[in-house]
Each structure stands twice: as C-alpha cells, then as structure tokens.
Amino acid sequence: MNWVDVIIKPILTEKSYGLRSEEIKKYVFEINKNANKYEVALAFQMIYGVEPEKVNIINRKATAVRTGTRKPGMSKHKKIAYITLAKGVDIAIEAQEAEEKPVAKKQENEIKTEKKEEKKVKASKGTLTKVVKTSPKAK
C-alpha cells in the first residue's frame, strides 16, 4: 500500500480539538481500512515530518441511521487512528491554521483602533450634532 493512501483525512470534532489543546498533543485521522499501526506511523512521518510517539487504532462499525423511510440507512464503517506526538511537538493539520492566527490578531487590533476613533468622533450628550436648516419664514 502506498503511504499517501494510508491517511485519508483528519477528523475535526470537538473531541479532537480538545485532544489537540492538551500539553501532549493527540491528532485524530480517518485511515484506510487495511492499514496497520506501523503503516500509519510511517505515513504520518512522511507527510508531516514528525515521528509519532504512539499510534492507537479504532474500528468504528456501521450503525443504523434514521432516513425518514421504512428502511433505515447505515453509516459508513470507519477506521480511526489516534496519533500521539512527543511533548512540545506540534503540527499544522490545515494550511490555513498556521496563517490565520497572526492575521486574525492584526484584524482584531485594526477593529479596536477603529472603535477608539469612532468614540473620539462621537459628540457628548447635550450638544447639537446636526445643523438644522430652517426656512426664513419659520421664524
């Protein structure tokens, strides 16, 4: 089996984000049904350039799903790998993940400065903010 075909896609759920935010990082991937731990570790190392410390594999069986018809549907059978990295090691699963963090901070700072400028421009209470035009007959 080619190492490119071993890891199918990352699984992005609340649980996987929680595992990623801990001190020892764990990443969750959907893998090929015929792959074993050794192949997953080798493929992960080839793709991300980091050697995993530990690989755990789970077979998630297909379950019945409601479809609104007489015959229930079935979810897909999945094989999932939990990959543990060494302490202090981190990877970027998505290409946007590494780039968005600094950009988001810059945008937040720009928004804060704009709000400060708007506060300076606003007049205080009790002052006339608009000039009302009146006709000469309205005296």
Side-chain angles (χ1 to χ4, degrees):
M1 181 182 313
N2 193 358
W3 58 269
V4 178
D5 300 330
V6 174
I7 296 177
I8 297 172
K9 65 180 179 180
I11 296 177
L12 306 174
T13 60
E14 289 182 18
K15 182 178 179 179
S16 67
Y17 281 117
L19 292 172
R20 255 196 260 174
S21 65
E22 295 176 1
E23 188 174 340
I24 297 174
K25 309 283 186 190
K26 291 184 182 181
Y27 292 90
V28 185
F29 292 94
E30 183 179 339
I31 60 172
N32 192 328
K33 294 174 189 172
N34 300 324
N36 58 24
K37 288 183 181 185
Y38 176 74
E39 292 173 343
V40 172
L42 186 64
F44 185 82
Q45 186 175 359
M46 297 295 278
I47 293 171
Y48 294 103
V50 178
E51 186 174 350
E53 191 172 285
K54 188 176 177 183
V55 177
N56 295 336
I57 293 179
I58 296 173
N59 282 315
R60 187 178 291 170
K61 295 181 180 179
T63 58
V65 178
R66 291 178 55 183
T67 59
T69 61
R70 289 183 182 209
K71 296 181 182 178
M74 297 295 282
S75 66
K76 291 185 178 182
H77 167 76
K78 293 181 183 179
K79 195 168 190 178
I80 297 173
Y82 288 87
I83 299 175
T84 305
L85 300 181
K87 188 175 182 180
V89 179
D90 193 12
I91 61 168
I93 289 184
E94 299 170 357
Q96 298 173 352
E97 221 173 70
E99 297 172 7
E100 282 184 11
K101 291 179 182 177
V103 174
K105 288 182 181 178
K106 288 180 184 177
Q107 290 176 350
E108 287 176 11
N109 290 337
E110 290 174 1
I111 291 170
K112 287 179 184 177
T113 55
E114 288 176 3
K115 287 182 179 179
K116 286 180 183 177
E117 291 173 1
E118 286 178 10
K119 287 181 181 179
K120 290 178 184 177
V121 172
K122 286 183 180 178
S124 60
K125 289 185 178 178
T127 59
L128 186 63
T129 57
K130 285 186 176 179
V131 178
V132 180
K133 292 184 178 180
T134 58
S135 64
K137 295 179 182 178
K139 290 184 181 180

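For the numbers below, each heavy atom of this structure counts, side chains included, while hydrogens, waters and symmetry mates do not.
In the hydrophobic clustering of ILVMFWY residues, with side-chain heavy atoms under 4.5 Å counting as a link, Phe44 and Ile47 come out together. When hydrophobic clusters are built by joining Ile, Leu, Val, Met, Phe, Trp and Tyr residues whose side-chain heavy atoms come closer than 4.5 Å, directly or via intermediates, Met46 is grouped together with Val55. At a threshold of 4.5 Å between side-chain heavy atoms, the hydrophobic network of Ile, Leu, Val, Met, Phe, Trp and Tyr places Val4 and Ile7 in one connected group.
Contact detail for Val40 and Ala81: the closest heavy-atom pair is CG1-CB, 4.0 Å. Here the closest non-hydrogen pair linking Val28 and Ser16 is CG2-CB, 3.8 Å. Nearest heavy-atom pair across Ala35 and Ile57 is O-CD1, 4.4 Å. Heavy-atom minimum distance, Pro52 versus Leu85: CA-CD2, 4.1 Å. In terms of heavy atoms, Ile80 sits closest to Ile31 at N-CG1, 4.4 Å.
Taking 4.5 Å as the limit, some side-chain heavy atom of Asp90 sits within range of a side-chain heavy atom of Tyr27. Residues Glu39 and Trp3 have side chains not in contact (no heavy-atom distance under 4.5 Å, counting atoms from C-beta outward).
The distance from the CG atom of Leu12 to the CZ atom of Phe29 is 9.0 Å, given to the nearest 0.5 Å. Separation of atoms NZ (Lys87) and NZ (Lys25) is listed at 12.0 Å; rounding is to 0.5 Å. One distance of note links CG of Leu19 with CD1 of Ile83; it measures 12.5 Å at 0.5 Å rounding.
Summarising the local packing, NZ of Lys79 is surrounded by more than 12 heavy atoms from other residues, nucleotides or ligands at distances under 6.0 Å.
Residue pairs meeting the side chain to side chain donor-acceptor pair (under 3.5 Å) criterion with at least one partner in residues 45-61, sequence neighbours excluded, are absent.
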